[in-house]
Student: 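I have a structure here, written as structure tokens, and I will follow up with some questions on it.
Please read these numbers as outputs of a predicted model, since none were measured by experiment. In what follows, chains are A, B, ... by sequence order, proteins preceding strands, each numbered from 1.
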Protein chains: 2
Amino acid sequence: MELNVRKKKILEVIIRDYINTAEPVGSRTLSKRCNLGISPATIRNEMADLEELGFLVQPHTSSGRIPTQQAYRYYVDEIMEIQKLEKMIRTDIHRGFLDHNTELGPTMSHTAQVLSQLTNYTAVVLAPRVTNFNCKHVQIVSLIKNRVLMVVVTQEGMAKNIEVTLSQEVDTILALKLSNVINGFLKNTILSEMSSDLIDQIQELSPAESKLIHEIIPHLKKVLMEDASEVHSTGLTNLFNYPEFSDVNKIKQLINIVQEKQVLSEMMTSKDGNRIIRIKIGSENDNENLKDFSIITSTYELDGEMMGAFGVIGPTRMNYDNVSSVLNYIRNELNLHISNLLMK
Amino acid sequence: MELNVRKKKILEVIIRDYINTAEPVGSRTLSKRCNLGISPATIRNEMADLEELGFLVQPHTSSGRIPTQQAYRYYVDEIMEIQKLEKMIRTDIHRGFLDHNTELGPTMSHTAQVLSQLTNYTAVVLAPRVTNFNCKHVQIVSLIKNRVLMVVVTQEGMAKNIEVTLSQEVDTILALKLSNVINGFLKNTILSEMSSDLIDQIQELSPAESKLIHEIIPHLKKVLMEDASEVHSTGLTNLFNYPEFSDVNKIKQLINIVQEKQVLSEMMTSKDGNRIIRIKIGSENDNENLKDFSIITSTYELDGEMMGAFGVIGPTRMNYDNVSSVLNYIRNELNLHISNLLMK
DNA sequence: TGTTAGCACTCGATTATTGTGAGTGCTAAT
DNA sequence: ATTAGCACTCACAATAATCGAGTGCTAACA
């Protein structure tokens, strides 16, 4: 779809204006704002064309026009350019991260904080996930009776743990022995290749111990496989200030989105070509609850491998420029700090 | 404050009616509903008295009356009696818990689920906290470089862990040694009494190791002390259906409450005499955001020691009877299942 | 041929007007 | 002490009147 220069310019101004005001924009006000020296009447003609092409709609006859989803998509693809953030903001963000990069948890919540504050929308951050990473070390800790805590540590130094109930009692001594056996094993094999047969070949185990190992391995695999990464969200109430969210039903949708962590997590980690900044506008989202929202996300990596994602949820008339710039910069910061934190 | 029988009865019916309908109740409708065989005019007189006493207010002249906070308080203290739940509901709840009592986490989220479903309000559950419990076992797990995961296990088999960065590198061997040293120590001393002097008396440590122990102990103490227990909440959107929450600002308040986990946690664990069911109505709450809500909470125990809390947030015209009954029963269930889960 | 001034028209939003009805307080009769 | 009767109040809903930003169309103009 190609538009001539003037149409493009007019569309741009309309979108910008609507993003700011949430009011349908009419030809007269527009003619004042955009200094192209063309009269309202001409603009009206152009607007009529743009409407025919599917970029604009009128909420009712004889009102101003508002952009369609198609318009936002065109804007994002063809008009907008990701700006570099102002120097002052950049250093502000950078300093903030320096103050919060001692541990992983705080770094994540700080990221969410910064995102929602800088954009005035709702921020979502996925903590680093262990999926796809190799298990370096396992620690079984006896809790009480037949309950144990399993800690899985990846090559990169990320940890994840679950409590499980086993079929037999496990005391501190036994827990240590089981840990040692599994860790000995991990020196030669990766966890996902640990089969029943291999376990049976271990010499030094009593039948009871062997049975326990058989129970434990699937749990460990599950921990490493399942992507139940923690999802931080901040600035839920930010959206309440926008007129389109004075409707309680919209708010319900938003809350449902944020609470379906599993869905959110999958959505944010799915690829979109090679794009660094992924933008989904309104019904481009598969999730029913997100149909009235736009979501912009990005990911952070360690050593080329995707570790987690973060992004912003807002109205479809979102400030795509600003959010993209912010995400872009924060992505760099995150990559930097995460690798400082985890790799040697 | 004493009311004669008839006033008490009238007040009761008004409150019940208002809780159901959220509409101001007038003398005529009331006279039909309450079968005391008294005319609207008489009721009007009584209502005027009750208004003078501070139990009722009129939103505007010549409208029906609505109960004041004082009325709810009186209702809760003097009128209402906690009913036993219907047999069918009891067995339903009981079965539900049986299906979810293998691990602590699921038990907690199931509790929140059941609470919000049964009451139609917002449920909040505080997971068991380690505070006040004695540390039985400590496990230091090496993550990477100078980062370690510390696991603290209490006498009762609850676990809590944090990641910290230490001043020196800690590998797997060293982590094990440090764990052993601390655990050896724990055989004779409780964690909170571990002082610097005592650490210095340990023989088998190199200066570097001794320094690490000095760093580790405060972290362990902090884990055991601080009450950053996880707060589950469910059914946020339940409240949206009530007419008093069509106002976006009320919703904002609610979300703020649920997000201030620290405050919520303190509020729910603070005692209120020896009451099992604690009821705070509107401005009886210290927290500014809770001034328009009522909150009913209870606690669950292990071996007489309070472990956590749970409760329900709703409008001040909350169904105090039903919620109290539900909390009362769930409390028993929780006590039962938690002790099954944790103690021998 | 593209642009613009002019004009009649549209329609949501705002304000004013009027009923309607559930409710009240007061008084007088029971 | 209770109640029927009555005049009065006031939020709420429905209807009508007004306003104004915006439109489409036509004719004139560069």
Student: Listing request: all salt bridge (charged side-chain N to carboxylate O under 4.0 Å, His left out) pairs with a residue in residues 241-257 of chain B, at least two apart in sequence or in separate chains.
Tutor: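 Those involving residues 241-257 of chain B are B:E244-B:R317.
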Student: Provide, to the nearest angstrom, the distance between the NE2 atom belonging to A:H60 and the P atom belonging to D:dG22.
Tutor: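 These atoms are roughly 10 Å apart.
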Student: From the list D:dA4, D:dG24, C:dT3, which nucleotide is the closest neighbour of the side chain of B:S39?
Tutor: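 In terms of side-chain proximity for B:S39, the closest of D:dA4, D:dG24, C:dT3 is D:dA4.
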Student: Spell out, as yes or no, whether a donor-acceptor pair under 3.5 Å connects the side chain of A:N285 to the backbone of A:G282.
Tutor: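 Looks like yes, one N/O pair under 3.5 Å.
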Student: Go nucleotide by nucleotide along DNA chain D from the 5' end; which of B:G37 and A:E51 gets its closest nucleotide reached first?
Tutor: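 Looking at DNA chain D, the more 5' nearest nucleotide goes with B:G37.
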Student: According to salt bridge (charged side-chain N to carboxylate O under 4.0 Å, His left out), does anything in residues 283-292 of chain A pair up with another residue at least two apart or in another chain? List the pairs.
Tutor: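 Residue pairs passing salt bridge (charged side-chain N to carboxylate O under 4.0 Å, His left out), neighbours aside: A:R73-A:E284.
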Student: Nearest whole angstrom, please: distance from the P of D:dG24 to the CG of A:L50.
Tutor: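 These atoms are roughly 12 Å apart.
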Student: How close or far is atom P of C:dT3 from atom CG of A:D49, stated in whole angstroms?
Tutor: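 Checked: the CG to P distance equals 11 Å.
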Student: Whole Å only: how far is the NZ atom of B:K7 from the C1' atom of D:dT2?
Tutor: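 B:K7 atom NZ is separated from D:dT2 atom C1' by 14 Å.
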Student: List, one per line, each side-chain donor-acceptor pair under 3.5 Å for residues 57-64 of chain B, sequence neighbours excluded.
Tutor:
{"unit_1": "B:Q58", "atom_1": "NE2", "unit_2": "B:S63", "atom_2": "O", "d": "3.1"}
{"unit_1": "B:S63", "atom_1": "OG", "unit_2": "B:H60", "atom_2": "O", "d": "3.2"}

Student: Using atom CZ of B:R6 as one end and atom P of D:dA1 as the other, report the distance to the nearest whole Å.
Tutor: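 From B:R6 CZ to D:dA1 P: 10 Å.
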Student: Please report, to 0.1 Å, the donor-acceptor pairs under 3.5 Å made by any side chain of residues 37-44 of chain A, with sequence neighbours excluded.
Tutor:
{"unit_1": "A:S39", "atom_1": "OG", "unit_2": "A:A41", "atom_2": "N", "d": "3.4"}
{"unit_1": "A:S39", "atom_1": "OG", "unit_2": "A:T42", "atom_2": "N", "d": "3.4"}
{"unit_1": "A:S39", "atom_1": "OG", "unit_2": "A:T42", "atom_2": "OG1", "d": "3.2"}
{"unit_1": "A:R44", "atom_1": "NH1", "unit_2": "A:S27", "atom_2": "OG", "d": "3.1"}

Student: Between the protein and nucleotides 27-30 of chain C, are there any N/O to N/O pairs under 3.5 Å, and if so, what are the atom names and distances?
Tutor:
none

Student: What residue pairs, at least two apart or across chains, pass side-chain hydrogen bond (donor to acceptor under 3.5 Å, both in side chains) with a residue in residues 48-57 of chain B?
Tutor: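 Qualifying pairs, neighbours excluded: B:K7-B:D49, B:E51-B:R65.
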Student: Rounded to whole angstroms, how far apart are CD1 on A:I14 and P on D:dG22?
Tutor: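 A:I14 atom CD1 is separated from D:dG22 atom P by 12 Å.
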Student: Does anything in residues 253-294 of chain A form a ring pair (Phe, Tyr, Trp, His ring centres under 6.0 Å)? List the pairs, not counting sequence neighbours.
Tutor: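 Matches after skipping sequence neighbours: A:F245-A:F293.
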Student: Is the shortest side-chain N to carboxylate O distance from A:R16 to A:E12 below 4.0 Å?
Tutor: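 The answer is yes: the pair qualifies as a salt bridge.
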Student: With 3.5 Å as the limit, what N/O pairs link the protein to nucleotides 15-24 of chain C?
Tutor:
{"unit_1": "C:dT24", "atom_1": "OP1", "unit_2": "B:R65", "atom_2": "NH1", "d": "3.4"}
{"unit_1": "C:dT24", "atom_1": "OP2", "unit_2": "B:S27", "atom_2": "N", "d": "3.1"}
{"unit_1": "C:dT24", "atom_1": "OP2", "unit_2": "B:S27", "atom_2": "OG", "d": "2.6"}

Student: What is the separation between atom CD1 on A:I38 and atom C1' on D:dA30, rounded to the nearest whole Å?
Tutor: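 For the pair A:I38 CD1 and D:dA30 C1', the rounded distance is 17 Å.
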Student: Can you tell me the distance, in whole Å, between the CD atom of B:E46 and the C1' atom of D:dA1?
Tutor: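 Rounded to the whole Å, the gap is 10 Å.
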Student: Checking A:F310 now: which residues fulfil ring pair (Phe, Tyr, Trp, His ring centres under 6.0 Å) with it, not counting sequence neighbours?
Tutor: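 Testing A:F310 for ring pair (Phe, Tyr, Trp, His ring centres under 6.0 Å), a comparison that skips the adjacent residues, returns none.
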